[in-house]
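Please read the structure below before turning to the comments.
Chain naming here is simple, since letters A, B, ... match the order of the sequence lines and numbering starts at 1 in each.
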Protein chains: 2
Amino acid sequence: MVEHIERQTKQKDAIRAALADCEEFISAQDLHRKLEDEGSKIGLATVYRQLNALADAGAADTIRLDGQQLFRLCGDDGHHHHLVCKKCGRTVEIDPPSESWLRKVAEGHGFTVESHTLEVFGLCPECQKP
Amino acid sequence: MVEHIERQTKQKDAIRAALADCEEFISAQDLHRKLEDEGSKIGLATVYRQLNALADAGAADTIRLDGQQLFRLCGDDGHHHHLVCKKCGRTVEIDPPSESWLRKVAEGHGFTVESHTLEVFGLCPECQKP
DNA sequence: CTGGATGCAAACGCTTTGCAAATAG
DNA sequence: CTATTTGCAAAGCGTTTGCATCCAG
């Protein structure tokens with residue numbers, strides 16, 4: 001099998017940089033718009049491709065919200081979950097649940113644990129204000 | 001404001017019944033196919049509308065898996081989560097995580113908790129066999 | 001009768017893909 | 001030079017919507 005050598009392109013850099021700039025999860029479309037606003041003329045398809053590549057490579061985290069896929073650069077390598085504000089979309093990283101609890105429950109049903117997702121939705125402090 | 005009076009139709013009944021028949025989560029398209037197979041000629045749009053209505057009314061639970069929305073009739077009113085087999089798709093209901101833990105974490109960030117989803121992916125006993 | 005419900009097909013929004021042109025190594 | 005990457009536009013997918021028709025109340 002032939003190895004696929006990753007090529008370094010300005011588009012990839014721009015996308016990665018723009019993603020790194022984001023503190024929160026961002027959709028491919030929003031990232032594309034952000035790049036356009038910054039002057040980078042990058043095709044939407046390229047943004048999707050690069051984002052998926054990053055996610056596949058484990059360099060980016062993704063969550064699904066409301067039918068869209070949101071991406072964020074993976075800072076740490078560990079598992080983490082999110083508290084998502086239903087109103088403004090702000091997300092806060094939360095600590096992993098007790099992994100042992102998970103494993104215990106899964107194995108109680110004879111399942112192995114490969115991955116899991118946990119998302120908590122609510123209102124952030126700002127959006128709770130009247 | 002005028003009240004919307006729910007009308008009783010055979011389509012609604014059929015959809016609700018078919019959904020009740022399902023033990024696992026099912027997509028709108030699959031449910032539509034199932035209904036067709038049973039001889040009910042119901043429009044796909046109606047299935048979507050009814051399913052969304054059930055979900056809005058809180059009578060059905062929905063999860064998003066792989067870009068699709070899956071529905072299931074809410075048997076119990078409590079919260080529950082799933083262990084999903086990556087290979088065969090089998091799902092097992094699991095007990096809720098310590099709700100208090102969730103709330104504690106969320107409130108630690110000033111968030112309220114409105115809802116949450118937890119999905120655990122792995123291999124079921126069958127699919128672990130070589 | 002009357003207004004909610006249905007069915008159809010067209011519209012939608014997000015994402016992916018085919019393909020020719022551009023370009024990194 | 002050659003294979004990867006890009007950009008564009010078209011296709012794909014699940015879902016929603018407009019509208020004429022249907023039918024429960």
With respect to the phosphate group of [N], does any side-chain polar atom (N or O) of [X] fall under 4.0 Å of OP1 or OP2?
X     : N     : answer
B:T46 : C:dG7 : yes
A:T9  : D:dT6 : yes
A:K41 : D:dG7 : no

Exercise for the section: Enter the distance from A:D37:CG to A:D30:CG here, rounded to the nearest 0.5 Å. Expected result: 10.0 Å

Handout entry: Any A:F71 side-chain heavy atom under 4.5 Å of A:S27 side chain
Key = no

Handout entry: B:V47 side chain reached by B:L35 side chain, heavy atoms, under 4.5 Å
Key = yes

Practice task
May I ask whether A:L19 and A:Y48 are part of the same hydrophobic cluster, defined by side-chain heavy atoms of I, L, V, M, F, W, Y residues being less than 4.5 angstrom apart, directly or through others?
Solution key: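 Different hydrophobic clusters.
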
Could you check how far [atom1] of [X] sits from [atom2] of [N], rounded to whole Å?
X     : N      : atom1 : atom2 : answer
B:Q50 : C:dG7  : CD    : C1'   : 15 Å
B:K12 : D:dC23 : NZ    : P     : 15 Å
A:L35 : D:dT6  : CG    : P     : 12 Å
B:I42 : C:dC8  : CD1   : C1'   : 15 Å
B:E6  : D:dC23 : CD    : C1'   : 15 Å
B:Q11 : D:dA24 : CD    : C1'   : 11 Å
B:D13 : C:dT6  : CG    : C1'   : 14 Å
B:E36 : C:dT6  : CD    : P     : 16 Å

Handout entry: Residues B:D13, B:R16; criterion salt bridge (charged side-chain N to carboxylate O under 4.0 Å, His left out); working and verdict
Key = CA-CA 5 Å; B:D13 288 346; B:R16 208 184 179 108; over 6 Å; no

Sub-3.5 Å pairs of nitrogen or oxygen atoms, protein against nucleotides 12-16 of chain D:
residue : atom : partner : partner atom : Å
D:dT15  : OP1  : B:Q69   : N            : 2.8
D:dT15  : OP2  : B:Y48   : OH           : 2.4
D:dT15  : O5'  : B:Y48   : OH           : 3.3
D:dT16  : OP2  : B:N52   : ND2          : 2.8

Practice task
Determine, stepwise, if the pair B:C22 / B:K34 fulfils side-chain contact (heavy atoms from CB on, under 4.5 Å).
Solution key: CA-CA 10 Å; B:C22 288; B:K34 180 181 157 89; 4.1 Å; yes

Handout entry: Which nucleotide in D:dT5, C:dA24, C:dG7 has an atom nearest any side-chain atom of A:Q8
Key =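 Of all the options, the side chain of A:Q8 is nearest to C:dA24.
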
Practice task
Output the single nucleotide from C:dG4, D:dT5, C:dG7 whose closest atom is nearest the side chain of A:R7.
Solution key: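 Closest nucleotide among those given: D:dT5.
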
Handout entry: Considering all heavy atoms, the nearest A:K41-A:E36 contact
Key =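 Closest pair (atom of A:K41, atom of A:E36, distance): NZ-O, 4.4 Å.
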
